[in-house]
There are 2 protein chains.
Amino acid sequence: MSAILETESPKRQAVLDAAATLFMAHGYGDVSMDAIAREASVSKATLYAHCGSKVQLFATIINETCRSKMVAADVLVETEIASTSDVGEALRAFGIRVTQFLLEPTTQAIYRVVVAECVRFPELAQSFYDSGPAHFRAFFSGWIGRQMRAGRLREGDPTVAAEQFVALVRGDIHLRISIGLSVPHDAAAIERHVGDAVDTFLRAFGTG
Amino acid sequence: MSAILETESPKRQAVLDAAATLFMAHGYGDVSMDAIAREASVSKATLYAHCGSKVQLFATIINETCRSKMVAADVLVETEIASTSDVGEALRAFGIRVTQFLLEPTTQAIYRVVVAECVRFPELAQSFYDSGPAHFRAFFSGWIGRQMRAGRLREGDPTVAAEQFVALVRGDIHLRISIGLSVPHDAAAIERHVGDAVDTFLRAFGTG
DNA sequence: GTCTATAGAAGGATAGAC
DNA sequence: GTCTATCCTTCTATAGAC
């Protein structure tokens, strides 16, 4: 959870790091300002001098964590999917990336926090969705559309196809992870799972 | 949120109803025992006499809500899916049921609470999953398997197929709803969405 | 900028009267 | 069984010294 937000002051950096760690691990309500101050080895007064209020600090942390996380994922996937001209291979590589992304602890943590706090912080959910899943799918459906026009995928609505592929890859994993249940995360299990998703998708959208 | 748990005492009933309403709406941490007592028009001492502790009350409410909700859904789907011998029609009817189920406020509320509290109450997540999604899919994959053996669906792993169909139906809806974003819920939009899922599924698993 | 000390409010839980 | 009144803890936020 290091260096979510870069800053000049070391105390400020310590505060942001501590807040990120604790908020991501336990959500908003269960983290006290005392705990953040202790974790950051800073007094509460210093904490308040830097962050304003608990709400403000929380919003800052979540927004920045979302942003950095999603941008990183975006770049990864973009290079991954552009690297091959074989549709099946590209989908497989993309699917594995998505699955690994879902399995990362930080991803789970962000999602859990957003779910838990979406009533108290509605604007947070929207910005999470826009900068994450929506941005992601806009890019992916663009790629799908190009494959359709190139004749490598059956013609159809690229947005629907993109949503369906992601849904197949997500499968039950997302549900299980979101409520803290274990998921097989060895390479073989992931490849098998993604293989099933790609098989089904290509049966429906392939041109072979 | 009425009558989650039947009981003889009216005060006890009032406590359970109030707790269910508030816990489902705001989660565990943001609901005080004072608030529950006020909502139930009962003193705090009476509240504690009936429920033991806040944790105990919460566990009771969530488990009972899950159970009653899931059992009801189960029965509905079972009758729905058995009512026709046409695979496509059965899947369509089933998909619409699932979608409507996902859109119900109580469904969303339970899921949000389980996500938010799965760290504090791990056994709650397991019982939610077992009595809900897992039980559900066990039944559905049984049906899929029978269709496969009858030659109405292509042979394959019924569990994978069941998971994939549910994933297609869930699509983006579950994600959006879980973080409090709006979802089109008019009949036409639902039918179109389910129709897309059924089309893709039958292209991959149909025998036509 | 940074600390100690504290104000002021709210929460979980219980004692004791009826 | 039910209520009122209260204890003790914890929380957010700030005042005031350095």
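Throughout, protein chains are lettered first and strands after them, A, B, ... in sequence-line order, and every chain is numbered starting at 1. It should be emphasised that the depicted structure is a prediction, and the values quoted were computed from it without experimental measurement.
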Flag, side chain of [X] to backbone of [Y], donor-acceptor distance under 3.5 Å:
X      : Y      : result
A:T99  : A:I190 : no
B:R112 : B:G27  : no
A:Q164 : B:G171 : no
B:R176 : B:S182 : yes
B:S141 : B:A138 : yes

Checklist outcome for this item: Its contact letters, B for base, S for sugar-phosphate only and - for none at protein heavy atoms under 4.0 Å, make nucleotides 11-18 of chain D read SBBBB---

Item to check | Under 3.5 Å side-chain donor-acceptor pair for B:Y111 and A:S178 | outcome: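 Yes.
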
Checklist entry - Would you say the side chains of B:D30 and A:Y28 form a donor-acceptor pair under 3.5 Å? => result no

Next on the checklist: Output the rounded distance in Å from CD1 (B:I36) to C1' (C:dA13).
Outcome noted: 13 Å

Checklist entry - In whole angstroms, how far is the C1' atom of D:dC3 from the NE2 atom of B:H50? => result 12 Å

Checklist entry - Parallel, tilted or perpendicular for A:F58 and A:F121, by the 30°/60° rule? => result tilted

Checklist entry - Going by the angle between their ring planes, with limits at 30° and 60°, are B:F165 and B:F140 parallel, tilted or perpendicular? => result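 Aromatic pair B:F165/B:F140 classed tilted.
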
Next on the checklist: Please determine whether salt bridge (charged side-chain N to carboxylate O under 4.0 Å, His left out) holds for the pair A:E191 and A:R92, giving the CA-CA distance in whole Å, both sets of side-chain angles, and the decisive distance to 0.1 Å.
Outcome noted: CA-CA 8 Å; A:E191 278 180 28; A:R92 205 172 306 271; over 6 Å; no

Checklist entry - Can you find a side chain N or O atom of B:T46 that sits less than 4.0 Å from OP1 or OP2 on D:dC3? => result yes

Item to check | Nucleic acid contacts of residues 117-125 of chain B, taken as heavy-atom distances under 4.0 Å to DNA chain C | outcome: none

Checklist entry - Bend angle of the helix from C:dG1-D:dC18 to C:dC18-D:dG1 from five-pair axes at both ends, rounded to 10°? => result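 The angle separating the two end axes equals 10°.
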
